[in-house]
Amino acid sequence: MSILLRYLEWFGLRAIHETGRNAYLILAARCLRMTAHGAISLILALFLSALEFSDYQIGLFLTLTLLGDVFLGGLLTLIADRTGRRNVLIGGSMLMVTSGLTFAFVSNFWVLLVAAVVGVVSATGGDFGPFRSIEESILSHLTTPRTRAEVLSWYVSTSIFGSALGSELSGRIIHALQNRGWELIDAYHALFLGYVLMGTLNATLSFLLTDACEIQLKPDDTTYSQVPQEELEQAAATPNPPENLGPLQAMPLSPAKHNWLRRGWKGLSSRLSQISAPTRKIMYKLWFLLAIDSLADGMVPFSLTNYYMEEKFHPTKSSLGDINGIAYLLGAVATVFAGPLARKIGLINTMVFTHVPSSAAVLVFPFPPTFWLTVVLLFIRAGLNSLDQAPRSAFIAAVVKADERTAVMGITAVVRTLAAATGPSVTGFLAGSNRFWIAFVVAGVCRLVYDFGLYALFINTKLYQHEGGAAVDPAANAAPRLSDVEMELESLADSDEGSDESPGKKSTTEESSAASKSPRLMPRDEQQQQRVRRRSPSPLAKMHT
């Protein structure tokens with residue numbers, strides 16, 4: 001039994017069990033949603049091509065769809081903590097259902113474009129809508145630093161498994177319907193009815209989440225509002241109103257009710273300003289690198305990659321479905337090991353060392369002359385592509401405060417989606433001029449820049465400082481690393497101890513030396529105070545000077 005528990009803990013399953021019911025519901029919802037996204041990512045570009053849209057139109061369609069995800073996802077994540085995370089997840093599911101119904105019964109380009117922009121449709125096979133940021137924030141809120149990486153790894157792994165299942169089913173369903181005499185367009189329309197079903201199930205699972213998923217706002221967070229400086233001066237110059245005034249006369253001045261746009265903008269600005277300066281300092285660098293990586297992913301998403309392979313090698317739809325299913329399945333299996341690997345070598349090392357081979361596979365993807373070798377590169381890319389996702393989410397959760405996570409993850413999703421949105425248009429232009437292969441080369445270079453930049457900028461970042469734990473990277477057997485200032489204080493304190501020969505300080509010096517030999521027996525704050533006390537000269541030492 002102990003061996004079984006050890007394996008469950010090593011694979012992260014015990015961490016999910018400790019997190020509780022909400023974790024199972026979120027993982028199930030993500031799996032179902034990504035099953036729908038996986039089915040659509042296989043056929044979306046092919047569906048638009050079958051409707052006789054040009055390559056430029058297809059690229060523009062995917063770009064505008066991603067831009068719609070930017071504004072929709074960004075807006076909903078910024079208001080999720082105040083309006084209720086479950087309510088936002090249910091609302092997003094309803095938008096998903098609406099988009100699926102439109103794609104199932106309409107073939108007009110502009111109607112489909114509007115449905116894709118204002119609804120929830122996966123243009124790249126990823127989850128760029130409002131769901132992922134909110135769900136990752138919920139899981140980060142429900143977990144501890146010890147269990148977070150494992151739970152987030154399963155969050156990514158189950159999503160990739162869903163994508164694999166959706167891609168496999170998509171190819172098989174289209175092949176079966178065509179054998180029954182269905183037109184290809186009608187078979188594509190039928191798949192979007194499955195998208196509607198998954199959206200409905202996603203809303204049901206979101207409804208079953210408990211109140212533990214909601215952030216408990218402080219009283220100050222609900223009553224605070226920014227007042228212009230001139231109103232403050234006017235209020236200070238006005239004497240206190242008599243106590244016998246009526247309630248309407250005693251009420252403070254407020255902006256006109258018709259100025260709702262200004263109040264909405266102030267509310268949004270206030271929400272963004274709640275992200276602290278230290279958090280912004282870290283996130284600016286990470287957002288820049290994620291924008292580069294997302295630009296690359298937007299240039300060669302799996303939907304356009306399938307389109308490229310079909311144009312170059314002309315495989316059957318069922319073969320494409322099988323290949324994508326295997327690729328996603330490899331990614332799902334590999335992502336299970338992201339949590340244990342992050343626990344062994346650290347979050348940043350896991351993100352970088354697993355992502356570099358995937359980036360290299362994208363770089364050389366267009367060069368093999370045979371179909372089987374191209375498929376091997378696709379398997380390498382897909383198998384290792386998602387190993388950085390769970391450590392990245394755990395890293396963000398480890399460097400920001402709990403009440404900042406939803407907003408930060410929402411802005412992160414907006415930055416990534418904005419960058420990814422420009423990719424399909426560039427690829428569409430290149431494909432229209434018979435230079436599709438350049439998109440893979442540029443994407444591979446951008447991904448490698450992201451990998452090496454991530455290692456250079458964040459390898460020494462301290463984690464968990466806002467959660468009352470030691471500020472260290474959770475690599476196994478990694479001792480806390482002292483900052484340069486702390487090391488300098490310790491060396492100066494040692495020199496003071498050596499030069500101070502006062503008998504009255506002998507016992508104090510011995511106690512300090514004993515404490516410094518075993519710093520792990522004291523909390524980190526007490527260690528810092530002890531070093532500062534050792535650095536400060538005693539009154540007797542001042543008399544000698």
Compare all side-chain heavy atoms of [X] with those of [Y] and state whether any distance is below 4.5 angstrom.
| X | Y | answer |
| --- | --- | --- |
| Leu304 | Leu62 | yes |
| Leu112 | Phe61 | yes |
| Glu404 | Met283 | no |
| Asn202 | Met198 | no |
| Phe337 | Thr354 | no |

Query - side chain to side chain contact (heavy atoms under 4.5 Å, CB included) assessment of Leu89 paired with Ile138 - result: CA-CA 11 Å; Leu89 292 176; Ile138 292 174; 4.3 Å; yes
Query raised in the report: In terms of ring plane angle, is the pair Phe458 and Phe395 parallel, tilted or perpendicular, where the classes change at 30° and 60°?
Result: perpendicular
Requested in this report: Please work out whether the ring planes of Tyr455 and Phe353 are parallel, tilted or perpendicular, with thresholds of 30° and 60°.
Outcome: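 Tyr455 vs Phe353 ring planes: tilted.
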Query - Within 6.0 Å of OH in Tyr24, more than 12 heavy atoms from elsewhere - result: yes
Checking the side chain of [X] only, and the main-chain atoms of [Y] only, is there a donor and an acceptor separated by less than 3.5 Å?
| X | Y | answer |
| --- | --- | --- |
| Arg447 | Leu363 | no |
| Asn306 | Phe302 | yes |
| Ser163 | Gly38 | no |

Query raised in the report: Judged by modelled atom types alone, do Arg85 and Ser137 share a side-chain donor-acceptor pair under 3.5 Å?
Result: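 Yes, Ser137 and Arg85 have a side-chain donor paired with an acceptor closer than 3.5 Å.
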Query raised in the report: Has Arg381 got its NZ or CZ under 6.0 Å from the middle of the six-membered ring of Phe365, at an angle within 45 degrees of the ring axis?
Result: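 No, a cation-pi geometry is absent between Arg381 and Phe365.
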